[in-house]
Number of protein chains: 2
Amino acid sequence: MPGPIQSIERAAAMLRLLARGSGQYGLAEIAASLGLPKGTAHGILRTLQRVEFVEQDQESGRYRLGAALLHLGTSYLDANELRSRSLNWADALAARSGQEVRIGVHHDGAVLVVHHVFRPDDTMQTLGVGAMLPLHATAFGKVLLAYDASLSRDRELTSLTRRTIVSPQALERVLTQVRASGWASEAEECMPGEASIAAPIRAFGGLVVGAIGVSGAVDRICDPASRPKPSLVSQVASAAEAVSRALTD
Amino acid sequence: MPGPIQSIERAAAMLRLLARGSGQYGLAEIAASLGLPKGTAHGILRTLQRVEFVEQDQESGRYRLGAALLHLGTSYLDANELRSRSLNWADALAARSGQEVRIGVHHDGAVLVVHHVFRPDDTMQTLGVGAMLPLHATAFGKVLLAYDASLSRDRELTSLTRRTIVSPQALERVLTQVRASGWASEAEECMPGEASIAAPIRAFGGLVVGAIGVSGAVDRICDPASRPKPSLVSQVASAAEAVSRALTD
DNA sequence: GGGCAGCGGTCGACAATGTCGAACGGTGGC
DNA sequence: GCCACCGTTCGACATTGTCGACCGCTGCCC
């Protein structure tokens, strides 16, 4: 069996690099980061620019991601069956709970948000779709970790707040609890002052393909002892079951 | 000067194809659409799948866009300076006008929406960012056409509603009017019952780099004679000027 | 003001890769 | 049950992508 096409893999690596950090890199930086000669990197960038996957800043000469990717990303969402079948339930959960709602899937060692409903009364809206959230420090991520044995657990657990779980043993205990209860939560493990609750979305045969849940200020999501509010847990679990049924019809 | 890298161009064409229509295609369809032998198309798809730009449905064997593209699309937005500098003004325009607001740039013969603010009281939110809108039948598109001589005008003008402008001469007269007034509008030219108003966002030297505007039900955007409401025109023009100033600071 | 380092970019020799025709097993429709 | 067409594999080889050497330009430092 022949291997993958080298120049396409290199182009993809280049795009991933441009999606990180400052989002703008010079030719020499890109070449160095990917271990490629400048001539090679330049040839790939010239082609990516021609297909509008990359743009070059006229003044600084630096490269960044191009507009064509936005359309491809949106098209991915439009065709994403999990998302299209979950939309109504997600909106209903937002309306009933009064909290912001997300649907996430596992992608590249993180939670990729494929749908995001704002809190109905928020005016400063930020685009949550496309964001990558940590697996170990969000309720969404804990759900995905709990039910997907293929996900790597030997990745180092980064401390994001004072409450982030960084011990693999402690995380494993939490995941056992998630499997027992059928939902996950976290309070101020990802961001200070913020909490989340999530439950698994299952496809045929019970396979977990995503997570749906709510998040927001910790005093809206949890009681004063930082425990998730039972009414919210119930609403999230119901929404997850409804979405799962929609997926298997 | 050597040409572009063929396999990267082919991969990009494949991704663009998968962004169209049903969003799911078989190998033979993809090969036929791009005029490639099946073996060639398969090699490219295998690599795109490996880098998660493409997924294959297990049951049908068909290919679709992959999750990695969503993250790249979002990263493009995060790094888009026009968008980041416009966010506050767009939100302010939405709050003041009570209408949904979009910011668009020209991309691939259409208007690419890079920011979208929902009407504050809408509950059924659809993701407008990443959508491609027609140039000739939206206020956003007319603004971009009016001020960008490089945009092709010999593309056939598709009729979308009974009111769509399909005559190049009629469109040119409208664009002359847009340049004279400094803003554009349309009522039911793109979608029945919908109207929009937009104004140009200028960078250094007056170069038009995008358009900002409002859209919604025609009776909210226009008077009973289908003319745009002067108060909305004024608000859109003010927001466009404010964004333009933010871009040149 | 001059020199130098490092930038983005170009070009062509050639080694390595990507191409693609032929063949395969599987599936669905008639 | 047969056939057409699917996705997939494989290997010969022609073509392409690689990349070292070199370029002009710019900014910084002495």
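Excluded from the calculations below are hydrogen atoms, water molecules and symmetry mates; all remaining heavy atoms, backbone and side chain alike, are included. What you see is a predicted model, and the numbers here were worked out from it, not measured in a lab.
Comparing C:dG8, C:dT19, C:dC20 by their closest approach to the side chain of A:K38 singles out C:dG8. Listed nucleotides: D:dT8, C:dC20, C:dT10. Nearest to the side chain of B:R10: C:dC20. The nucleotide whose nearest atom lies closest to any side-chain atom of B:I44 is, among D:dT8, C:dT19, D:dT18, C:dT19.
Residues A:Q6 and A:R62 both approach DNA chain C. Their nearest nucleotides, taken by heavy-atom distance, put A:R62 toward the 5′ side.
Within a 6.0 Å sphere centred on CE of B:M191, other residues, nucleotides and ligands contribute 12 heavy atoms or fewer. Counted within 6.0 Å of CH2 on A:W183, heavy atoms from surrounding residues, nucleotides or ligands total more than 12; the atom is thus considered enclosed.
Within the 4.0 angstrom heavy-atom criterion, only backbone atoms of the sugar-phosphate kind lie near B:S7; the bases stay farther away. Using a 4.0 Å heavy-atom criterion, one finds that B:E59 contacts no nucleic acid atom at all.
The nearest whole Å value for the distance from the CG atom in A:L36 to the P atom in C:dG8 is 14 Å. When rounded to the nearest whole Å, the span between CD of A:E9 and C1' of D:dG17 equals 15 Å. In this structure, the CD1 atom of B:I5 is 12 Å from the C1' atom of C:dT17, given to the nearest Å. Distance CZ (A:R46) to P (D:dT18): 11 Å, rounded to an integer number of Å. Straight-line distance from the CD atom of A:Q58 to the C1' atom of C:dG9: 14 Å, rounded to whole Å. A straight line from CG of A:D57 to P of C:dG9 spans 11 Å, rounded to a whole angstrom. The interatomic distance linking B:L45 (CG) with D:dT8 (C1') rounds to 12 Å, in whole Å. The CD atom of B:Q49 sits 15 Å away from the C1' atom of D:dT9 (whole-angstrom rounding).
Inter-residue side-chain proximity for B:P4 and A:R46 is flagged as unmet; no heavy-atom pair is nearer than 4.5 Å. Contact annotation: the side chain of B:L34 never approaches that of B:T40 to less than 4.5 Å [non-hydrogen atoms, C-beta and beyond]. The side-chain heavy atoms of A:Y25 and A:M14, taken from C-beta on, include no pair separated by under 4.5 Å.
A sub-4.0 Å separation between OP1 or OP2 of D:dG7 and a side-chain N or O of B:H42 is absent. Distances shown here put a side-chain N or O of B:Y63 below 4.0 Å from the OP1 or OP2 atom of D:dT8. For the pair A:T40 and D:dT18, the criterion of a side-chain N or O lying under 4.0 Å from OP1 or OP2 is not met.
In the region residues 16-30 of chain B, proximity to DNA chain C at under 4.0 angstrom, judged on heavy atoms, holds for none of the residues.
Of all non-hydrogen atoms in A:L17 and A:S33, the two that sit nearest each other are CD2-CB, 3.8 Å.
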Margin query: Apply salt bridge (Lys or Arg N to Asp or Glu O under 4.0 Å) to residues B:R179 and B:E172 and explain how you reach the verdict.
Written below: CA-CA 11 Å; B:R179 283 189 287 270; B:E172 205 52 46; 3.6 Å; yes
